[in-house]
There are 2 protein chains.
Amino acid sequence: MSLRHALLGLLAGGPGSGYDLLRKFEISLANVWPATQSQVYTELSRLAATGLIEVTAEGPRGRKEYAITDEGRAELRHWVLEVPPQQRRRNDLLLRVFFLDTVDPAEAREFLLRSRDQVAELRDGLRKVRESVDWGDDSLSVYGTLALEWGLRYATMHVEWAEWAIGRLPGK
Amino acid sequence: MSLRHALLGLLAGGPGSGYDLLRKFEISLANVWPATQSQVYTELSRLAATGLIEVTAEGPRGRKEYAITDEGRAELRHWVLEVPPQQRRRNDLLLRVFFLDTVDPAEAREFLLRSRDQVAELRDGLRKVRESVDWGDDSLSVYGTLALEWGLRYATMHVEWAEWAIGRLPGK
DNA sequence: TGTGTCATGTAACTGGTTACATGATTCT
DNA sequence: AGAATCATGTAACCAGTTACATGACACA
């Protein structure tokens with residue numbers, strides 16, 4: 001149940017409404033932990049009900065501003081440091097690779113090429129983000145950069161792997 | 001809904017019972033698409049009900065052997081080649097990295113060290129698999145090796161990233 | 001005879017997605 | 001006046017996890 005912790009993490013950086021948080025998900029967490037509108041609002045209600053966050057202000061259009069509580073901070077800290085991250089990750093692309101023996105080599109080759117191109121595009125997008133954002137040395141930037149760099153290395157790895165894999169395909 | 005396709009893919013390699021398939025999940029698909037016992041049996045029933053697989057034999061202890069049908073092969077092929085793989089992948093480790101600014105640098109450092117060690121272990125396990133299995137040049141081995149190599153490159157990337165990241169942490 | 005493995009099934013729950021539904025405020 | 005954006009909520013559904021439940025067969 002990490003959506004709960006993603007919300008706590010964002011609120012640890014300052015109070016905000018569901019709407020605010022939703023935009024933060026789209027901007028900064030899109031590639032790490034996407035969330036839908038309905039999910040955010042229902043989880044915020046639940047978090048408020050259990051006392052991990054609280055409503056600190058109400059604005060126009062029924063806007064509710066939430067802030068993290070001490071209990072919430074404790075829960076966030078516990079999750080970050082003590083709950084072991086998932087190691088077994090599902091990968092539906094790799095699952096397809098496993099079954100490429102059911103199509104012919106030319107089709108397998110196209111599949112790998114497409115996958116290379118898609119990830120190369122992602123990589124280029126991330127590079128642009130790195131260049132466009134001015135990275136100060138405040139703590140949030142430091143850790144944001146670490147995550148971005150992981151994404152860049154991941155994408156580079158995948159592109160290189162795909163090219164290597166194409167070279168190993170059985171000839172027709 | 002990829003469990004369905006994982007089952008179809010496994011059955012494309014030959015018929016088997018739920019129990020057989022469950023073991024195949026544990027051996028070959030554990031790092032790519034883990035599945036639980038209850039999930040496998042319910043999905044097999046559903047697949048049989050929709051005609052993508054069929055019961056070809058019944059053995060002792062209520063054992064049912066399933067085989068993929070032509071319809072099933074068509075569905076598998078469609079999924080492999082035409083359904084675009086998920087690009088946005090959730091990563092709860094990276095989500096934690098994002099919020100490492102809420103703990104102190106020494107704790108962040110420990111977090112990254114632990115993560116490096118865990119993935120290094122995974123990498124060593126994969127290396128052993130690569131050495132222990134004798135990889136012929138049959139098509140199944142070819143594609144199995146591609147997936148394994150992806151895992152190795154992934155793990156190597158992560159270990160290097162973690163070490164790089166530790167070096168970038170703010171001093172106490 | 002009793003332990004281990006083979007073998008299947010179902011129920012309750014959790015997390016996430018899609019779709020539906022509503023309405024206030026701001027800006028042009 | 002109308003469009004865009006701000007803002008929230010709920011219902012139905014799908015995928016996956018945990019736990020419960022049962023029993024046949026093989027082997028020592």
Side-chain angles (χ1 to χ4, degrees), chain A residues 1-8 10 15-27 29-50 52-53 55-66 79 83-92 95, chain B residues 1-8 10 15-27 29-50 52-53 55-66 79 83-92 95:
Chain A
M1 204 198 334
S2 294
L3 173 71
R4 151 174 258 124
H5 300 104
L7 289 168
L8 287 174
L10 288 177
S17 67
Y19 196 82
D20 294 339
L21 292 165
L22 209 51
R23 270 175 303 142
K24 285 192 185 168
F25 268 98
E26 269 153 32
I27 302 164
L29 296 184
N31 296 297
V32 165
W33 205 272
T36 60
Q37 175 262 332
S38 76
Q39 223 185 336
V40 168
Y41 285 111
T42 46
E43 192 59 41
L44 282 172
S45 300
R46 259 199 291 252
L47 281 166
T50 50
L52 300 181
I53 63 175
V55 177
T56 47
E58 304 207 21
R61 282 168 286 199
R63 177 191 160 98
K64 286 186 230 165
E65 197 177 65
Y66 292 98
W79 174 77
V83 178
Q86 276 285 128
Q87 62 286 59
R88 278 177 156 192
R89 271 190 212 102
R90 289 175 215 280
N91 188 327
D92 68 331
L95 185 60
Chain B
M1 204 197 334
S2 294
L3 173 70
R4 151 174 257 123
H5 301 105
L7 289 169
L8 288 173
L10 288 177
S17 68
Y19 196 82
D20 294 340
L21 293 165
L22 208 52
R23 270 176 303 143
K24 285 193 185 169
F25 267 98
E26 268 153 33
I27 303 164
L29 296 184
N31 295 299
V32 165
W33 206 271
T36 60
Q37 175 263 332
S38 75
Q39 223 184 336
V40 167
Y41 285 112
T42 47
E43 193 58 40
L44 283 172
S45 301
R46 260 200 291 252
L47 280 165
T50 51
L52 300 181
I53 64 174
V55 177
T56 48
E58 303 208 23
R61 282 169 285 200
R63 177 190 160 97
K64 286 186 231 166
E65 197 177 66
Y66 293 98
W79 175 77
V83 179
Q86 275 285 131
Q87 62 286 58
R88 277 177 157 191
R89 274 194 209 97
R90 289 174 215 281
N91 188 326
D92 68 331
L95 185 60

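All values below come from the heavy atoms of this structure, side chains included, with hydrogens, waters and symmetry mates left out. In what follows, every chain begins at residue 1, and chains take the letters A, B, ... in the order their sequences are listed.
- Atoms CD (A:Glu43) and P (D:dG9) sit 13 Å apart, rounded to a whole Å.
- B:Glu26 has its CD atom 14 Å from the P atom of C:dA7, to the nearest Å.
- Atom P of nucleotide C:dT25 and atom OH of A:Tyr19 are separated by 15 Å, given to the nearest angstrom.
- To the nearest angstrom, P of C:dT14 lies 15 Å from CG of A:Leu47.
- Residue-level contact check: B:Ser17 touches the backbone only, with heavy atoms under 4.0 Å from sugar-phosphate atoms and none from bases.
- What separates CG of A:Leu21 from P of D:dA7 is a distance of 12 Å, to the nearest Å.
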At under 4.0 Å between heavy atoms, how does the protein contact nucleotides 17-25 of chain D? Give one character per nucleotide, 5' to 3', with B, S or -.
BBB---BBB
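- Between B:Arg46 atom CZ and C:dT10 atom P there is a gap of 11 Å when expressed in whole angstrom units.
- Closest approach of B:Arg4 and B:Leu47 over heavy atoms only: NE-CD2, 3.5 Å.
- Legend: residues meeting salt bridge (Lys or Arg N to Asp or Glu O under 4.0 Å) with B:Arg63, ordered by chain and number and at least two apart, are B:Asp20, B:Glu65.
- By the salt bridge (Lys or Arg N to Asp or Glu O under 4.0 Å) test, A:Arg90 pairs with no residue at all, sequence neighbours left out.
- Residue contacts shown for A:Leu22 are absent, as no nucleic acid heavy atom lies under 4.0 Å away.
- Side-chain N/O atoms of B:Arg63 include none lying less than 4.0 angstrom from OP1 or OP2 on C:dC6.
- Nucleotide C:dC6 holds its P atom 6 Å from the CZ atom of B:Arg23, rounded to whole Å.
- Between A:Glu58 and A:Lys64, no side-chain nitrogen of the basic residue sits less than 4.0 Å from a carboxylate oxygen of the acidic one, so the salt-bridge criterion is not met.
- One can place CG of A:Leu7 at 13 Å from C1' of C:dG15, the figure rounded to the nearest angstrom.
- Looking at which nucleotide of DNA chain C each of B:Asp20 and B:Thr42 is closest to, the 5′-most match is held by B:Asp20.
- The line from NZ of A:Lys24 to CG of A:Leu7 is 11.0 Å long, rounded to the nearest 0.5 Å.
- A:Leu3 contributes atom CG, which lies 10.0 Å from atom CG of A:Leu29 (distance to the nearest 0.5 angstrom).
- Side-chain atoms of B:Gln39 come within 3.5 Å of backbone atoms of B:Thr36 as a donor-acceptor pair (strictly under, hydrogens ignored).
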